[in-house]
Amino acid sequence: MANQSSLPLYERVNLRNRKHLAVELLLLFFLFSLLTYHLLSLKQYGIPALLAFLCESFFTFIWILVLNIKWNQIKYVEYPDRLLKRKTELPAVDMFVTTADAGIEPPILTMNTVLSLLAVDYPVGKLTCYLSDESASPLTYYALVETSKFAKIWLPFCKKYDISTRAPFRYFAITSSKPSQENSPEFQQEQKMVKDNYEMLCQKIEDASKTHAPCNDFPEMDKNNHPAIVKIITEEEGVPCLVYISREKRPKKPSHFKAGAMNALTRVSGLITNAPFLLNVDCDMYVNNPQVVLHAMCLFLGVGNERDCAYVQFPQEFYDGIKDDPLGNQYVVLVKFVGHGLAGIQGPMYTGTNCFLRRKVIYGISPDQKITTGELSDPDLQRKFGESSPLKESVAHILLPSISSKGGSSSFVEAAHRVAGCDYEHGTCWGTEDVLTGLGIHRKGWKSMYCTTDPVSFQGCAPTTGPDTMIQAKRWATGFLEILFSSMSPISATIHGKLQFRQCLAYLWIMSWSLRSIPELVYSLLPAYCIISGSHFLPKVYEPAILIPVAVFLIFNIHTLSEYLKIGLSARAWWNNQRITRINCTSSWLFAIFTIFLKFIGLSQSAFDVTAKNPSINDDKDMKNKDCSKFTFSESLIFLPGTTILLVNLTALTIGMVRLLVTTPHSNEAGIGELLCSLWAVLYFWIFLKGLFGKGKYGIPSSTIVKSGVLALLFTQFCIWSTNA
Ligand SMILES: O=c1ccn([C@@H]2O[C@H](COP(=O)(O)OP(=O)(O)O[C@H]3O[C@H](CO)[C@@H](O)[C@H](O)[C@H]3O)[C@@H](O)[C@H]2O)c(=O)[nH]1
Ligand SMILES: [Mn+2]
């Protein structure tokens, strides 16, 4: 038998599927055929053919980018048992949780995330949990203090009975829905005691939310104007250390939103514990698999060369998702193929949550950079990391582990307040967050790794309303577009840095999301334009060339549908996702372009609209499904393009049908293709059609309908005018 300590900590498994690839290449072939057809028909059909050609060129380009991502998908299988059998000491991990607003993000949800982190299977002494609270809320602080007390009951219970779900609200929701008889009376008694204590915790937080300043040592403050607060909450036996941080906020000083919070967390933790590994989760992303840290460590410690693993990204998955994903925000298929696909290139993107990172990577080190003591000269470090001497010392310890001072201890709390100040970053290299951070890391030549576990590692809550979903999609697309046009773009990272070419293409795919909105918008109006103006862009039904668009349509839809069915999702989920993608594309992503444009001309500033989080604690699942599966609308202008597209296509269909009925068959033999396209567009925007007649939040506000009506009318006029011109 092989020596346990020489067995690999993980294995790499190929997921390549030749059949899928063949179909995807076939689709590419038909896309090129379609482009050729449009080129050849330019003379005959004019502008519509040209527009179709341009849009389809863009779609073909996107399809090539998708193929590149899907080309060689891989996954890793980790062996935590082997890691535990090794004699080596496990490294320390600093775990970060960010919360922005106790109103939008209920503290009990954040506390569940904290509890699930504290309770992971890892040596307690090696873990520290830092909570960053943007709003300096006494309620959040109070909740954290109470949570640390409850942790002394929760942790031993989880570990004694090897509980698999360690976020109490989920654990009790699951156990109450299927009570098990097999358990010993002792267990049941203990479970009841823990449950009572958890309910008490919830009650205390609930009560405290009604009083001002529930904590004596934490006065109420203006959330946009307050000094830095750093409080170490517990250093009790058996529970990892907990640290509360609210970085300094001053009006008119940029906060850099979550990126700023991450920077403050990194600096403060550098002073207090200075662990070589960091874990970063959103406040609603609880740990669903207690072995996550071990899984991540299998990859970090198992790679032959550090450069192959700058960070370990886990997928974002959601709990209690509404059946068949009617809002299209669970991204199950997308997350799978992008994650495994990128894992086969330079590694997954950093999504800003569920990610373990090497601290030194965050400090901007390149993989093969050999740091010497000389390089760590004071001015150099100061320029990069700011003025705090203790912080510079702690950084030096990370970059040059041979340095004797350990760096990091609770006596640094004083200095910690300083590095959590809002001016601290001024003139230094303190960085960014999310995809941009990951891109910067890949640019330096690092690789990253993707980790999927069973049961899933992290679970969060997805937005539950139409407007929230669209605003979230808009924020993401805005961020991506901003990167695309910045000096940090993937193209420049390939030319000037070490971003691999195929990885660059993968980044381009995601960063060009919002650019897709323009061809999608044009394409959704083109059939209507043709119908109303009596022109064409598709072959006529009796021409053999009609088989090309038919093939593209059938292959694309059957193939994507089969992908959904294969991983156990329903056809309904596929259809819901298809139409939400079209809606997002022509609405949220279009607005992302406007937002960047306004920012570019100095008319607007960046903002971060925090997603509302509705924990479904003790919720009736069926009620929730019923309630949330209907799309909701708001006054937001974001619903204008969708409503307009719908009205335009309805008008075109009406005109087209009337013409079909009243004219002789031969004078208008064509147009069937265009009519079907227009019909398909209406099906894609079906929830808007329902919204026209819906009441309250289920209806499109009449002001939006009026505006869209005017736009649709203008468009129809334009079509008629261009026929006569
Ligand atoms: O000024 C801010 C704004 C947000 N947050 C936190 O950032 C996290 C993500 O915010 P959320 O509103 O939940 O956004 P999502 O769209 O759900 O988050 C996704 O998208 C974000 C970027 O748009 C990423 O940062 C996240 O990691 C990713 O999960 C939450 O913990 C917030 O508390 C802050 O700390 N400060
Ligand atoms: Mn979120």
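Small disclaimer: the values here were computed from a predicted structure and weren't measured. When a ligand or atom number is given, it counts from 1 through the structure's own listing order. This chain uses plain numbering: 1 for the first residue, then up along the sequence.
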Apply the side-chain contact (heavy atoms from CB on, under 4.5 Å) test between Gln503 and each candidate in Lys447, His442, Arg443; give the one that qualifies.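 Only match with Gln503 under side-chain contact (heavy atoms from CB on, under 4.5 Å): His442.
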
Could you list the atoms of ligand 1 found under 4.0 angstrom from a heavy atom of Thr351?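 This gives 24 (C), 26 (C), 27 (O), 28 (C) as the contact atoms.
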
Numbering as shown, the atoms of ligand 1 that approach Gln316 to under 4.0 Å (heavy-atom distance):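 Listed by number with element: 28 (C), 29 (O).
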
Pairs meeting criterion side chain to side chain donor-acceptor pair (under 3.5 Å) with involvement of residues 239-249, two or more places apart: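 Matches after skipping sequence neighbours: Asp133-Tyr244, Glu134-Arg247, Glu134-Lys249, Glu248-Arg250.
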
Please work out whether any backbone atom (N, CA, C, O) or any side-chain heavy atom from C-beta onward of Asp101 is under 4.0 Å from ligand 1, and answer side chain, backbone, both or neither.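 The answer is neither; Asp101 stays 4.0 Å or more away.
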
Nearest protein heavy-atom contact for [atom]: which residue, which atom, what distance?
{"atom": "atom 32 (C) of ligand 1", "answer": "Glu105 OE2, 3.3 Å"}
{"atom": "atom 29 (O) of ligand 1", "answer": "Asp282 OD2, 2.6 Å"}
{"atom": "atom 19 (C) of ligand 1", "answer": "Trp476 NE1, 3.6 Å"}
{"atom": "atom 36 (N) of ligand 1", "answer": "Glu134 OE2, 2.6 Å"}
{"atom": "atom 27 (O) of ligand 1", "answer": "Lys258 NZ, 2.7 Å"}

What do you reckon, does [X] have a nitrogen or oxygen under 3.5 Å from a nitrogen or oxygen of ligand 1?
{"X": "Val610", "value": "no"}
{"X": "Thr98", "value": "yes"}
{"X": "Phe608", "value": "no"}
{"X": "Asp609", "value": "no"}

Taking only distance into account, with no hydrogens and no angle test, what donor-acceptor pairs under 3.5 Å do side-chain atoms of residues 480-488 form with protein atoms, sequence neighbours excluded?
from, atom 1, to, atom 2, distance (Å)
Glu482, OE2, Lys599, NZ, 2.2
Ser486, OG, Ile483, O, 2.9
Ser486, OG, Met488, N, 3.0

Output the distance between atom [atom1] ([X]) and atom [atom2] ([Y]), rounded to the nearest 0.5 Å.
{"X": "Asp94", "Y": "Leu279", "atom1": "CG", "atom2": "CG", "result": "10.0 Å"}
{"X": "Tyr424", "Y": "His417", "atom1": "OH", "atom2": "NE2", "result": "15.0 Å"}
{"X": "Leu201", "Y": "Thr147", "atom1": "CG", "atom2": "OG1", "result": "5.0 Å"}

Answer yes or no for Arg475 and Phe608: cation-pi contact, defined as NZ/CZ to six-membered ring centre under 6.0 Å and angle to ring axis within 45°.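 Geometry flag: set, cation within 6.0 Å and 45°.
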
Axial cation check for Tyr141 ring with Lys231, 6.0 Å and 45° limits: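 Yes, a cation-pi geometry holds between Lys231 and Tyr141.
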
Looking only at heavy atoms of Lys613, does any of them come nearer than 4.0 Å to an atom of ligand 1?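 It does; at least one heavy atom falls under 4.0 Å.
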
If you measure from each heavy atom of Cys283 to ligand 1, is any distance below 4.0 Å?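 Flag set, Cys283 near ligand 1.
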
Within 6.0 angstrom of Phe594 CZ, more than 12 heavy atoms from elsewhere: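 Atom CZ in Phe594 is not packed in, count stays at 12 or less.
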
Look at atom 14 (O) of ligand 1 and find which of Gln472, Arg475, Lys474 reaches it with the closest heavy atom.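 Answer by nearest heavy atom: Arg475.
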
